[in-house]
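These values consider heavy atoms only, across backbone and side chains, with no hydrogens, waters or symmetry-generated copies. Values in this document were obtained by computation on a predicted structure and should not be read as measured data.
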Amino acid sequence: MADGLGLIIDDTLDATLTAVPVAFAAPPADVPPRWVPPLVVENQQQTSSCAGHAEALACSHANYVETGEVIRFSRWFAYITAQKIGGFFGRDGGTSITSTLQAATTNGCCLEATLPFPGRYDTAISAKAYDEASRHKHHGEMRFDLRAFEALMAWITDRRCCIIGTRWYDGQSQCTGIESKRVGTSGQFRGYHARLISGWDTHDGEIVPVVQNSHGNWGNHGRAMILRELWDTWRCDANFFALGFNEIDEVEPARRDWSTVGPGDCV
């Protein structure tokens, strides 16, 4: 069985977007040829929770940039709370990106350990999960429009991330690490899919975005470079979006207690 998708298109999104100036970009000399944070690659399996996965991963990205620590946020909390806000609650039919960002801003997101991914549709969320999530909210009052390729690169080379929603074709399931126009438009159209652009790499001398997918060991260990030719094709689709994800109220880094010295420590 194929991996799930689950993005519901929201026609009201455009009215809430804010343009990002290209001048936001870091000077080219200061941009390394590759930067991809070591975030955990997740698998949504056959659920329709791609937007929840993307949002939870965006929280992990923002937390990593602020603290240097990889923290897993709850994909399922992100998904179910977005369904409630968007009016999609009660069946595993997906959610919209507008409701996902609103949930991240209103409710925040708890940690994966507090509400683990169930692998099947389950609507139960504990009071503990809501309480923990309230301490890790997205600073999402403004929604930054990154559909212009230059604006996207300006944003991500500042080590910020971007949630994208694109058409998904069968050919993309066979991606081995580079999403070209041929890969991204071949085969049967299956629906819309949300993913996270979490860094960048260099292809044929050009710095390009790196997307992380929620289909497990997809692409190159869960990631792929997106070529500009495919991005320009996506821009012709009125339902395509690319939203800049802001900071969150991060998880405080763990602090080592040096009051005692255990086996193996240097003395």
Practice problem: Output, in order, the C-alpha distance, side-chain angles, deciding distance and verdict of side chain to side chain contact (heavy atoms under 4.5 Å, CB included) for Lys137 and Thr105. | Solution: CA-CA 5 Å; Lys137 292 184 177 181; Thr105 306; over 6 Å; no
Quiz item: OG of Ser214 to CG of Asn43: how many Å apart, nearest 0.5 Å?
Solution: 7.5 Å
Quiz item: Does Arg190 reach the side chain of Asp170, with side-chain heavy atoms less than 4.5 Å apart?
Solution: yes
Quiz item: Can you find a pair of side-chain heavy atoms, one from His215 and one from Gln44, that are under 4.5 Å apart?
Solution: yes
Quiz item: Taking side chain as C-beta onward, heavy atoms only, is Lys181 less than 4.5 Å from Trp231?
Solution: no
Exercise. Using modelled atom types only, decide if a donor and an acceptor are shared between the side chain of Ser74 and the backbone of Leu115 within a distance under 3.5 Å.
Key: yes
Quiz item: Would a hydrophobic clustering, with Ile, Leu, Val, Met, Phe, Trp and Tyr connected at side-chain separations under 4.5 Å, put Tyr64 with Val211?
Solution: yes
Exercise. To the nearest 0.5 angstrom, please state how far the CG atom of Asp249 sits from the OG atom of Ser134.
Key: 9.5 Å
Quiz item: For Phe240, is the NZ or CZ atom of Arg167 found under 6.0 angstrom from the centre of its six-membered ring and inside 45 degrees of the ring axis?
Solution: no
Self-check item: Basic-acidic side-chain contact under 4.0 Å: Arg72, Glu42
Solution: yes
Quiz item: Is there a side-chain contact between Ile71 and Glu250, using heavy atoms and a 4.5 Å cut-off?
Solution: no
Quiz item: Backbone N or O of Gly4 within a donor-acceptor pair of the Gln45 side chain at under 3.5 Å?
Solution: no
Quiz item: Do any N or O atoms from the side chain of His138 and from the backbone of Cys109 form a donor-acceptor pair under 3.5 angstrom?
Solution: no
Quiz item: Judged by modelled atom types alone, do Asn213 and His193 share a side-chain donor-acceptor pair under 3.5 Å?
Solution: yes
Quiz item: Do you know the tightest heavy-atom contact between Ala78 and Glu55?
Solution: CB-OE1, 2.9 Å
Quiz item: If you count the non-hydrogen atoms of other residues, nucleotides and ligands that lie under 6.0 Å from NE2 in His139, is the total more than 12?
Solution: yes
Quiz item: How far apart are the C-alpha atoms of Phe189 and Trp168, what are their side-chain angles, what is the distance that settles it, and do they pass the ring-ring contact (aromatic ring centres under 6.0 Å, His included) test?
Solution: CA-CA 6 Å; Phe189 171 62; Trp168 186 263; over 10 Å; no
Quiz item: In terms of the angle between their ring planes, are Trp35 and His61 parallel, tilted or perpendicular, with boundaries placed at 30° and 60°?
Solution: perpendicular
Practice problem: Would you mind reporting whether Thr47 and Tyr121 have side-chain heavy atoms less than 4.5 Å apart? | Solution: no
Practice problem: Would you please test Val40 and Val70 for side chain to side chain contact (heavy atoms under 4.5 Å, CB included) and show each step? | Solution: CA-CA 8 Å; Val40 177; Val70 176; 4.2 Å; yes
Self-check item: Test applied, side chain to side chain contact (heavy atoms under 4.5 Å, CB included); reference residue, Tyr192; option that passes from Ile97, Ile9, Thr166, Ile8
Solution: Ile9
Quiz item: Taking only residues two or more places apart in sequence, or in another chain, which ones meet Arg143 in a salt bridge (Lys or Arg N to Asp or Glu O under 4.0 Å)?
Solution: none
Quiz item: Roughly how far, to the nearest 0.5 Å, is the CZ atom of Arg195 from the CG atom of Leu5?
Solution: 10.0 Å
Self-check item: Which atom of Ala242 lies closest to which atom of Arg147, heavy atoms considered
Solution: N-CG, 3.8 Å
Self-check item: Members sharing Val36's hydrophobic cluster (side chains within less than 4.5 Å)
Solution: Ile178, Val208, Val210, Met225, Leu227
Quiz item: Is there a side-chain contact between Trp76 and Thr81, using heavy atoms and a 4.5 Å cut-off?
Solution: no
Quiz item: Salt bridge between Glu247 and Arg160, side-chain N to carboxylate O under 4.0 Å?
Solution: yes
Exercise. State whether the side chain of Thr202 and the backbone N or O of Pro33 hold a donor-acceptor pair below 3.5 Å, judged by distance alone.
Key: yes
Practice problem: Answer yes or no: are there more than 12 heavy-atom neighbours, outside Lys84 itself, under 6.0 Å from its atom NZ? | Solution: yes
Exercise. Output yes when a side-chain donor or acceptor of Thr106 lies under 3.5 Å from a complementary backbone atom of Gln102, and no otherwise.
Key: yes
Practice problem: Go through the side-chain N and O atoms of Tyr130 and Asn107 and say whether any donor and acceptor fall under 3.5 Å apart. | Solution: no
Self-check item: Reported OG1-to-CZ distance for the pair Thr233 and Arg235, which is rounded to 0.5 angstrom
Solution: 11.5 Å
Quiz item: Do the rings of Phe117 and His53 sit parallel, tilted or perpendicular, given the 30° and 60° boundaries?
Solution: perpendicular
Quiz item: Which pair of heavy atoms, one from Pro209 and one from Met153, lies closest together, and at what distance?
Solution: CD-SD, 3.7 Å
Quiz item: If we ignore angles and hydrogens, is there a donor and acceptor under 3.5 Å between the side chains of Tyr169 and Gln174?
Solution: no
Practice problem: Ignoring hydrogens and angles, state whether a donor on the side chain of Thr114 or Glu132 is under 3.5 Å from an acceptor on the partner side chain. | Solution: yes
Quiz item: How many angstroms lie between atom CG of Leu57 and atom CD1 of Ile197, to the nearest 0.5 angstrom?
Solution: 12.0 Å
Quiz prompt | Arg135 atom CZ, neighbour heavy-atom count above 12 within 6.0 Å | solution = yes
Exercise. Apply side chain to side chain contact (heavy atoms under 4.5 Å, CB included) to the pair Asn63 and Phe73, showing each step before the final yes or no.
Key: CA-CA 10 Å; Asn63 194 85; Phe73 285 84; 4.0 Å; yes
Self-check item: Distance in Å, Phe88 CZ paired with Ser99 OG, rounded so as to fall on 0.5 Å steps
Solution: 5.0 Å
Self-check item: Least distance between heavy atoms, Thr95 atom then Ala51 atom
Solution: CG2-CB, 3.8 Å
Quiz item: If you measure from the Lys or Arg side-chain nitrogens to the Asp or Glu carboxylate oxygens, is any gap between Asp201 and Arg34 under 4.0 Å?
Solution: yes
Practice problem: Is it possible for you to say whether Trp218 and Leu39 belong to one hydrophobic cluster, with membership spreading through side-chain heavy-atom contacts below 4.5 Å? | Solution: yes
Quiz item: Does Ser96 offer a backbone N or O that forms a donor-acceptor pair with the side chain of Gln83 under 3.5 Å?
Solution: no
Quiz item: Ile156 and Cys162: which non-hydrogen atoms are nearest, and at how many Å?
Solution: CG2-CB, 4.5 Å
Quiz item: Are the side chains of Ile164 and Trp234 in touch, meaning some heavy atoms are under 4.5 Å apart?
Solution: yes
Quiz prompt | Any side-chain heavy-atom pair of Val31 and Ile207 under 4.5 Å | solution = yes
Self-check item: Non-neighbouring partners of Pro116 that pass side-chain contact (heavy atoms from CB on, under 4.5 Å), sequence neighbours left out
Solution: Glu112
Quiz item: Looking at Arg228 and Glu150, does any basic side-chain N land under 4.0 Å from a carboxylate oxygen?
Solution: yes
Practice problem: State plainly whether one hydrophobic cluster holds both Phe77 and Ile85, where clusters connect Ile, Leu, Val, Met, Phe, Trp and Tyr through side-chain heavy atoms under 4.5 angstrom apart. | Solution: no
Quiz item: Between Tyr79 and Gly93, what is the shortest heavy-atom contact and its length?
Solution: OH-N, 3.7 Å
Exercise. Could you check Leu101 against Leu243 for side chain to side chain contact (heavy atoms under 4.5 Å, CB included), going step by step and ending with a plain yes or no?
Key: CA-CA 10 Å; Leu101 287 177; Leu243 296 179; 3.4 Å; yes
